[in-house]
Amino acid sequence: GRCVYRFEQNPRCKRGEGIMSNREKPKVSTSALGTCIMGATSYYEDSSYYKSDDFMAPQMIPAGMKVAVKYKLLRNILKKAIFKVPGIYEYVIARTKFIDAVFNASLENIEQVVLLGAGFDSRAIRFKQQLENAKIFELDSLATQEAKLDKLQKMGVTVPNNVSYIAIDFNRESMAEKLAQASFQKNKTCLFLLEGLTYYLEKEAIESTMQMISDHCAQGSRLVFDYADAAIAKQIMDVDEEGIKRLQRDLAKAGETPDFLMEETIQDYLRKYNFSVIEEASSAELANRYFKQNDFLLNAQRFKLVSAVKR
């Protein structure tokens with residue numbers, strides 16, 4: 001067997017690694033890989049609206065795509081073949097820029113950073129100087145973490161000593177227990193990031209996650225996440241029911257079924273967990289800010305981004 005990045009200490013593994021795993025290898029998250037491919041494509045775009053700063057993403061995508069994303073003609077073919085839901089590519093670019101801006105503005109007093117559903121997120125590397133005095137915890141499925149760490153190893157990237165990895169099934173396992181095993185400390189000033197995660201979880205899992213976050217961080221901690229708005233999702237379903245069902249079927253085949261929709265205002269929702277909204281950005285606001293457009297195309301209009309602070 002080979003070492004996988006877990007937290008249970010094992011003398012056979014190097015620092016940062018853990019127990020030996022003989023599990024049958026489950027699939028890497030399709031949505032995490034898709035987001036990474038979008039980030040890699042965006043990195044090589046000519047337009048300043050479409051270009052993002054994730055220099056790590058092109059190195060993490062499948063080998064066959066690495067050439068395609070570099071050249072405009074091949075890039076356009078790739079986008080038509082893979083990015084089949086109109087508006088989502090632009091939304092993901094805007095989401096990356098929004099969250100990067102929060103990181104740039106908010107890390108000074110942050111003691112711990114927790115990335116839930118981290119996927120192929122590279123901020124622990126890209127922001128390593130700003131994060132050098134913080135502890136970073138990345139949580140995701142074992143398969144996705146293994147794939148990411150394999151990529152980093154092949155790239156010759158040294159994972160900073162302040163980064164820890166926790167393999168978890170968000171719908172089945174206790175985040176609090178997993179964090180405790182990883183030496184996460186309660187009542188520190190934290191930044192919790194849930195990027196592209198909430199709409200794949202069950203309502204009960206989201207509620208327990210939000211309660212856990214509230215219980216584990218100090219006043220002044222930050223929470224950043226995106227969600228799907230129930231009312232807007234219903235409007236889109238009324239306009240394009242067949243398109244939505246086709247998307248749901250494709251995701252179900254990959255083992256990722258959208259579930260959670262936000263039914264209430266974000267202010268009311270977060271108040272229950274002692275968080276106040278700093279900013280909520282609708283698809284129209286994101287499209288205007290990052291693309292100088294009125295809004296994204298229909299299927300991306302359900303998504304909103306939130307930055308909040310613990311009261």
Side-chain angles (χ1 to χ4, degrees), residues 27-47 49-52 54 57-58 60-99 117 119-121 140-141 143-144 147-148 195-201 226-230 232-261 282-284 286-287 290-291 293-305:
K27 290 181 181 178
V28 173
S29 164
T30 301
S31 60
L33 183 57
T35 298
C36 188
I37 293 168
M38 289 184 191
T41 306
S42 168
Y43 182 72
Y44 287 108
E45 292 277 17
D46 299 319
S47 163
Y49 296 130
Y50 279 82
K51 186 171 179 61
S52 67
D54 191 352
M60 292 198 189
I61 60 175
M65 293 183 181
K66 288 181 181 179
V67 174
V69 296
K70 289 184 180 180
Y71 301 101
K72 190 171 185 178
L73 178 63
L74 295 176
R75 201 162 53 239
N76 288 337
I77 293 169
L78 179 74
K79 286 194 280 188
K80 285 181 182 176
I82 296 181
F83 307 162
K84 293 182 178 178
V85 183
I88 297 297
Y89 180 46
E90 288 79 4
Y91 169 69
V92 168
I93 292 169
R95 184 175 72 188
T96 299
K97 291 182 177 183
F98 180 98
I99 296 170
F120 293 91
D121 187 295
D140 212 326
S141 71
T144 301
K148 176 180 182 174
E195 181 178 10
L197 177 66
T198 64
Y199 26 88
Y200 293 113
L201 299 183
D226 60 337
Y227 70 89
D229 184 284
I232 299 172
K234 184 181 184 304
Q235 291 170 9
I236 296 170
M237 177 69 90
D238 291 342
V239 173
D240 186 22
E241 184 173 357
E242 184 49 45
I244 295 297
K245 287 184 175 177
R246 187 168 59 248
L247 173 63
Q248 289 173 340
R249 284 196 298 270
D250 290 345
L251 287 167
K253 286 178 190 173
E256 296 182 349
T257 307
D259 195 323
F260 179 75
L261 295 170
S282 67
S283 64
L286 293 167
Y290 297 111
F291 290 91
Q293 297 173 0
N294 291 330
D295 206 339
F296 297 131
L297 294 174
L298 189 65
N299 274 301
Q301 291 177 15
R302 80 192 76 180
F303 299 114
K304 294 183 178 180
L305 270 159

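Here the structure is a predicted model, which means the values were calculated and not measured.
- Judged purely by atom type and a 3.5 angstrom limit, Asp226 uses its side chain to pair as donor or acceptor with the backbone of Gly196.
- In this structure, the side chains of Thr96 and Glu195 come closer than 4.5 Å at one or more pairs of heavy atoms.
- Distance alone, capped at 3.5 Å, is enough to place a donor-acceptor pair between the Asp140 side chain and the Gly119 backbone.
- In this structure a side-chain-to-backbone donor-acceptor pair under 3.5 Å is missing from Ser29 to Thr144.
- Crowding of Asn294 atom CG: a count of heavy atoms from other residues, nucleotides or ligands under 6.0 Å not exceeding 12.
- Lys148 places a side-chain N or O within donor-acceptor distance of the main-chain N or O of Asp121, the cut-off being under 3.5 Å.
- Phe296 is linked by a ring-ring contact (aromatic ring centres under 6.0 Å, His included) to Phe291, counting only residues two or more places apart in sequence or in another chain.
- Within the 4.5 Å cutoff, the side chain of Arg95 has no heavy atoms near those of the Met38 side chain.
- Side-chain polar atoms of Glu90 and Tyr50 form a donor-acceptor pair below 3.5 angstrom.
- The stretch residues 62-77 participates, sequence neighbours left out, in no side-chain hydrogen bond (donor to acceptor under 3.5 Å, both in side chains) pair at all.
- You'll find the side chain of Leu305 reaches within 4.5 Å of the side chain of Tyr91, heavy atoms only.
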* To do: Step by step, work out the side-chain contact (heavy atoms from CB on, under 4.5 Å) result for Phe83 and Ile88.
  => CA-CA 8 Å; Phe83 307 162; Ile88 297 297; over 6 Å; no
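- Counting only distance, with no hydrogens or angles, the side chain of Ser141 and the backbone of Val28 share no donor-acceptor pair below 3.5 Å.
- Between Ile232 and Lys304, some side-chain heavy-atom pair lies under the 4.5 Å cut-off.
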